[in-house]
Amino acid sequence: MTARILITALLLAHVAGANTADDTSWPTYRHDTRRSGATPATLTLPLAPAWTHDAGKPRQAWSGPAKWDAYSGNDGLQSMRNFDPCHYTTAADGRVYFGSSADDAAHCLDAATGKRVWTHFTNAPVRLPPSLADGLAWFGSDDGHAYCVDAATGELKWSKRAAPSDRLIASNGKLISPWPVRTGVLIDRGKAWFTASLVPWERSYLYCVDAETGNEKAEGCFVARHHEVTLQGAMLAGNDSVYIPQGRAAPLAFSRTDGKHTGTIGNAGGVTCVLLDDDRLLAGPENQKSGDSQIRLTAPGEKKPVATFNHTSRATVDRNLAYLHSGQNLRAIDIAKSDGKDERWSVKRAAPAELIVAGPHLILGYAGHVDILSTADGKQLATFEVEGTAHGLTVAAGRLLVSTDRGLIHAFAQP
Amino acid sequence: MIRPLLLPTCLYLLTLPATAGVLFDWIPTSDHVSTSTLKAQIGPDGTLSDPATFDTENLLEFTGAQHVEFPEELADRIPTKSFSVEAEVRIDRPQRWGSIIASSQDNGSYERGWLLGYNNDRFTFKLSTGGALVDSASPKPFSPGQWAHLIGVYNGSSARLYVDGVLVANVPVSGAVARPDIPTPFVLGAYKDADEFYPMHGRVRRIKIHDTALPAAEITKLGPRPYPFAVRPSVRFLGPDSAEVSWESSTPGRGIVVFGTTSKLGQTVESDSDATTHRATITDLLPGTVYHYRIASRTTDGLLSGKVHTFDTALNEIPVDLSDVIPASTNKAVSTYAAQAVDEANFKRGFCLVLGLTDGNLLRELARISGLAIVGVDSDPARVARVRQSLHAENLYGPRISITAVADLKSLPFTSCLANLIVSEQTLAGQTIATPRTEIERLLRPGGLAQLAVNATPNRRPKLDGSGDWSHQYADPANTANTNDKLGGANSTTDYSLQWIGRPGADFGIDRNPRMPAPLSVNGRLFHQGLDRMVALDAYNGQTLWAIEAPDLRRLNIPHDCGNWCADDDSLFVAISDRAWALDAETGVRTNTFPLTTGQRGTHDWGFIACTDDLLIGSSVPVGAQFKDFWGKAMWFDKAGDPTATAVVCSDNVFAYNKQDANGLWAYGRGLIINSTITIAGDRIWFVESRPPEADRPTEGRVTGKVLWDHAHVVCLDNRTGSVVWEQPLNAVEDPGALAHLQHEKSFVQVAYGAHTKTGFLLLLSVGGATDKEGFYNYLLFDETDGGLAWHQATKWTSNHHGSHMAHPVVLKDRVYVEPGGVQLADGEILDHTFGPREGCATVVASADSLFFRGINRCLTQWSFDSRTPSKWSRVRPSCWINMLPSQGLMLIPEGGGGCSCGGWMETSIGLIPNTLLIK
């Protein structure tokens with residue numbers, strides 16, 4: 001065990017980095033393909049409101065969770081499928097991007113002014129933000145297609161129907177494919193990954209295509225078919241596998257080589273997933289058997305979780321430190337050296353809806369405000385009012401972007 | 001008009017004058033709790049058992065094991081022959097042994113002290129003068145989560161309990177209260193004695209103990225008088241941020257809705273009338289927010305006030321009204337065409353496809369004048385982009401108006417049976433569209449309308465061949481649990497495709513909708529109940545038609561009672577409190593109410609409900625008889641032989657109204673009519689009525705034990721007159737073997753159902769206890785004409801838990817299915833086959849060709865009569881009774897399984913279409 005911990009410690013370097021355009025961009029959902037929520041980019045305090053964009057109230061794919069399990073006496077159940085509570089943003093090259101479940105489009109705004117640069121409509125909701133690299137932007141839509149557009153102009157480069165048919169059905173007042181693309185598009189090692197999936201009794205599809213052309217027959221590309229799965233929420237790129245959440249079922253691992261199912265992360269669940277460099281997965285909630293939220297740290301192949309954190313539903317990991325809310329406290333925990341009990345600091349705070357790290361700052365989203373803390377000791381440095389609950393946080397090029405459940409995107413910048 | 005709150009937020013102030021006579025006074029809020037100490041207003045402080053947590057109103061949360069203990073000797077200061085205990089309290093979870101404040105021992109035969117608390121859902125005041133604790137209990141249940149003002153008064157000769165200023169129980173008892181002579185904790189927020197500990201779940205605003213027996217005249221002055229409701233309040237959502245509260249009062253006067261985002265309330269809005277029918281609109285509602293509200297009225301005699309209820313805007317799916325946002329079209333051709341199409345189609349909500357675009361103005365006008373989701377469809381990328389951009393620039397694109405880009409208009413990608421209305425902007429401009437007539441017909445939902453040009457003959461799609469309705473609790477008034485829907489010949493779950501998916505989801509209902517009323521599906525609509533709420537959807541596209549939150553709607557334990565709603569093509573009839581509401585099926589607007597007779601109002605609630613072509617048939621049950629609780633395993637009512645799980649709800653009478661004008665026609669009642677057996681077909685009504693001697697007759701309407709069956713009669717009425725056609729004493733059936741299980745001295749009836757079959761009235765008695773660990777379904781078929789027993793049969797339970805011993809029969813033309821098999825209707829012979837595997841709590845329903853139940857891996861399963869094999873929909877969990885309807889030509893599954901933590905269920909509503917209907 002000691003040896004394993006040592007190796008783990010040595011392996012853990014920095015979970016961020018993959019496909020990052022530069023240190024000041026935020027090129028994909030939660031910054032990187034391991035969804036760390038951590039960036040080396042920094043903010044210079046104080047910040048002031050720069051602009052606010054009203055993108056329309058998000059139309060989430062799923063309703064909230066059951067209120068309780070009355071039979072077992074559990075209440076306070078948490079949603080396991082809230083991957084689209086706001087218009088999450090990505091940012092690079094002076095532009096801000098988001099997908100919209102309100103108007104079925106991908107959008108690009110000028111980062112300095114918040115003014116619209118382009119809008120690319122699809123036939124159905126876009127639930128996760130475009131991924132950015134090499135001047136291109138990729139996103140998926142509930143219309144069953146993956147799209148690649150020029151990041152500067154929104155001009156279509158390619159689109160790929162991932163669904164096996166073009167049939168559209170009704171869903172919450174919209175028309176969607178029975179095989180929506182709800183994992184977003186993951187860009188990694190020159191490949192674009194996405195899925196077409198909704199209900200487990202229909203076959204689901206995992207695509208790995210050439211990122212630049214959308215060609216599924218290019219070298220190393222494939223389409224894998226899977227039964228009894230419901231792939232949804234942002235995909236994660238591991239060393240040998242890609243990991244895909246399923247919401248109310250356990251996340252799955254698929255081979256990077258051929259897309260075959262290689263494992264089920266049985267100790268995990270939900271759509272809050274952070275993949276460490278050694279492919280341990282921090283994810284949750286696993287289920288709704290207890291009333292409290294719960295995030296578990298799971299090692300590949302292990303039947304039992306390495307660590308369990310109660311009363312928490314979101315986490316961010318910067319190098320060897322995980323920041324999460326547990327009990328009534330926000331905690332910084334060294335997860336490289338132990339089973340999650342090596343606490344660096346702990347401060348009493350309410351549970352945030354989202355949290356990220358930007359250099360020396362830990363940023364927390366709440367209902368009505370965003371707080372900035374020091375990563376060194378958890379002391380609060382600044383707070384900003386926002387309208388709605390701040391589910392989405394992005395730091396890029398010195399700006400803090402806050403997405404709320406009211407459909408607003410607030411930008412804060414140095415005055 | 002919304003005004004700042006002018007009324008006191010706490011309407012049940014403990015306002016007894018001064019402090020004279022008050023021995024103890026505690027206010028368990030954050031202002032009065034310091035670390036682990038509850039500081040007293042009067043008297044000694046108390047000690048908290050756990051770290052204090054407070055809710056948004058700063059009230060101490062009695063959750064987990066939290067309770068407050070006072071010095072034991074304090075209880076000795078309370079006079080033993082004259083005292084009063086007063087509490088303003090909210091109980092969130094009923095429980096068998098519930099205490100608010102007590103100094104009591106209840107250890108076998110050793111019963112001492114006193115207690116103000118609750119047993120299950122009834123408040124109680126108990127005390128002992130040396131013998132057993134005397135129980136002064138409310139005959140009516142309280143509503144979990146509702147505040148109540150309680151006073152227990154002992155005056156040396158009786159123990160009285162007042163709830164909200166009303167005397168609800170008065171039990172003679174004399175002598176001094178016998179204090180425990182062993183160490184006995186004096187506890188707030190839990191029942192705790194020498195060997196028992198049951199913490200309370202809820203809140204306490206204030207608690208006082210007086211050293212006198214408060215006089216009745218003084219108590220009745222406390223708090224407001226109850227609001228005089230004639231029709232209980234409900235909330236109908238009007239748009240994403242607005243809702244209408246409606247109710248009726250028995251006396252005229254302007255009403256007020258006091259509301260807010262916490263139970264402190266904080267805002268008011270007045271009703272629109274000084275008369276008795278009231279509507280008040282609340283605007284600027286926040287999304288995803290639980291609102292609290294109460295109805296109140298100021299009179300010259302003081303304040304009248306109703307209870308605090310809630311509604312949840314997270315469950316509001318009503319689309320935005322654009323009538324004030326979009327300017328009326330100045331193009332007369334556009335406005336005329338749009339108005340004509342919308343009027344002719346006569347759908348308030350749903351999907352409208354606009355095939356072929358020009359400038360999008362028809363989309364704007366259709367969105368302005370209707371509640372439909374408008375979907376433009378075009379194959380020209382440039383035109384699509386142009387119209388999208390223009391709508392987007394006007395902030396109109398998205399929630400109500402969208403455009404689907406298609407490859408061509410000849411063969412469209414939409415699922416079949418989708419659109420309520422199909423029009424064309426290009427035909428309005430004098431162009432033709434490439435979409436063939438057959439394709440348009442395919443896209444129309446049954447009942448939907450295509451109007452492809454002004455003044456063109458509209459084309460309305462007829463109902464699907466072989467489609468069936470589910471209009472009552474068990475499909476029809478005959479309780480067949482069978483729609484006879486042909487489902488397009490689908491015999492396996494692979495024979496369907498998704499038609500729609502989405503809300504309502506798991507947050508809509510009560511945990512797995514335990515033993516709740518079934519959804520209904522009639523005339524292209526789907527009605528579904530959740531936690532004190534109901535919703536209507538378009539059965540073919542899942543669009544929300546309307547949503548109503550009704551705090552008095554809830555009814556559970558349907559296997560031992562009956563459903564609370566039924567529907568016909570135009571109306572939904574819902575039993576709420578002491579009347580039935582008729583709602584317009586398309587809009588949810590209440591169009592009429594059917595009250596119980598004057599003599600039964602206040603003492604009875606509306607029980608059974610069914611409609612025929614011209615009648616609304618109902619029954620009345622004593623107030624408090626219906627089941628409302630859902631917390632805990634016992635609320636699944638399936639423990640074999642348990643008195644709680646075998647109690648049935650009985651009506652005192654059945655009656656009929658003219659459905660159209662609400663005129664009463666007749667009423668009948670001689671005994672206790674078992675609701676779960678009431679069955680209607682043609683012009684007949686059948687049921688089991690128990691007629692025990694008056695002295696033995698239970699009066700509470702919730703009856704358990706042999707008394708019910710020892711005096712049972714099977715009765716057949718003429719439903720046009722209410723006159724008896726025949727009646728048959730159950731114990732007098734000619735074949736004594738038919739009742740062998742029932743008459744066994746240790747037997748119990750787990751459930752009893754009635755159903756009409758082609759060959760007579762079927763009484764199905766699920767009887768246990770006659771032999772160890774075994775139980776039997778007893779089939780008794782009575783001749784329709786004279787009530788003679790045609791045949792009887794018995795089959796064994798497969799188990800005595802979940803639904804295996806509570807299955808409702810499924811009636812086909814020639815047979816009846818009851819797990820695991822069934823019998824022939826002609827002679828009662830046992831079928832040569834069984835079905836399954838069936839698991840879990842849900843019961844079984846049927847289409848023309850299949851059974852549906854919770855089966856393989858506990859997923860929704862179809863079992864084909866033809867192949868006699870099952871197939872499943874993975875991770876689709878039925879509710880704990882019925883939420884799967886083979887109806888309208890579709891398989892409709894409004895969400896009902898949410899809350900179960902025993903698997904990764906989909907927790908969403910689903911409509912499935914037979915693949916045969918998708919063929920272009």
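Chain A is the first sequence line, chain B the second, and so forth, proteins listed ahead of strands; every chain is numbered from 1.
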Visitor: Whether D103(A) and R388(B) form a salt bridge (side-chain N of Lys/Arg under 4.0 Å from carboxylate O of Asp/Glu) is what I want to check.
Guide: no
Visitor: Under a 4.5 Å heavy-atom cut-off, does chain A meet the side chain of R349(B), its backbone, both or neither?
Guide: neither
Visitor: Answer yes or no: is there a donor N or O on one side and an acceptor on the other, between the side chain of R167(A) and the main chain of L918(B), under 3.5 Å?
Guide: no
Visitor: Check whether any side-chain heavy atom of W62(A) lies under 4.5 Å from a side-chain heavy atom of M906(B), and answer yes or no.
Guide: yes
Visitor: Could you tell me which portion of D104(A) (side chain, backbone, both or neither) has an atom closer than 4.5 angstrom to a non-hydrogen atom of chain B?
Guide: side chain
Visitor: Which residue out of W873(B), Y540(B), F508(B) racks up the most heavy-atom pairs below 4.5 Å with chain A?
Guide: W873(B)
Visitor: Does any donor atom in the side chain of T404(B) or N123(A) lie under 3.5 Å from an acceptor atom in the other side chain?
Guide: no
Visitor: Between the side chains of D241(B) and K57(A), is the shortest nitrogen-to-carboxylate-oxygen separation below 4.0 Å, so that they form an ion pair?
Guide: no
Visitor: Atom CD of Q499(B) and atom CD1 of I169(A): how far apart are they, to the nearest 0.5 Å?
Guide: 8.0 Å
Visitor: Considering only heavy atoms from C-beta outward, does the side chain of V384(B) approach that of F121(A) to under 4.5 Å?
Guide: no
Visitor: For chain A, which candidate among Q389(B), R512(B), E907(B) shows the most heavy-atom pairs at distances under 4.5 Å?
Guide: E907(B)
Visitor: What distance separates S171(A) OG from N541(B) CG, expressed to the nearest 0.5 Å?
Guide: 11.0 Å
Visitor: If we define contacts as heavy-atom pairs under 4.5 Å, which of H392(B), R400(B), E895(B) has the most with chain A?
Guide: H392(B)
Visitor: Measure L286(B) against the heavy atoms of chain A and call it side chain, backbone, both or neither at under 4.5 Å.
Guide: side chain
Visitor: I need the contact set between residues 630-637 of chain B and chain A: heavy-atom distance under 4.5 Å, sorted by residue number.
Guide: F630(B), W631(B), G632(B), K633(B), W636(B)
Visitor: Chain A heavy atoms under 4.5 Å from A314(B): which part of the residue, side chain, backbone, both or neither?
Guide: neither
Visitor: Side-chain contact, heavy-atom cut-off 4.5 Å: V876(B) with W201(A)?
Guide: yes
Visitor: Under 4.5 Å from any heavy atom of chain A, what part of T493(B) do you find: side chain, backbone, both or neither?
Guide: neither
Visitor: Can you tell which part of A249(A) gets under 4.5 Å to a heavy atom of chain B, answering side chain, backbone, both or neither?
Guide: both
Visitor: Rounded to the nearest 0.5 Å, what separates atom CZ in R59(A) from atom CD in E317(B)?
Guide: 4.0 Å
Visitor: Of the backbone (N, CA, C, O) and the side chain (C-beta and beyond), which part of L498(B) lies under 4.5 Å from a heavy atom of chain A, both, or neither?
Guide: both
Visitor: Just to verify, which of D507(B), D312(B), D511(B), D532(B) counts as forming a salt bridge (charged side-chain N to carboxylate O under 4.0 Å, His left out) with K67(A)?
Guide: D312(B)
Visitor: Do S874(B) side-chain atoms and P200(A) backbone N/O form a donor-acceptor pair below 3.5 Å?
Guide: no
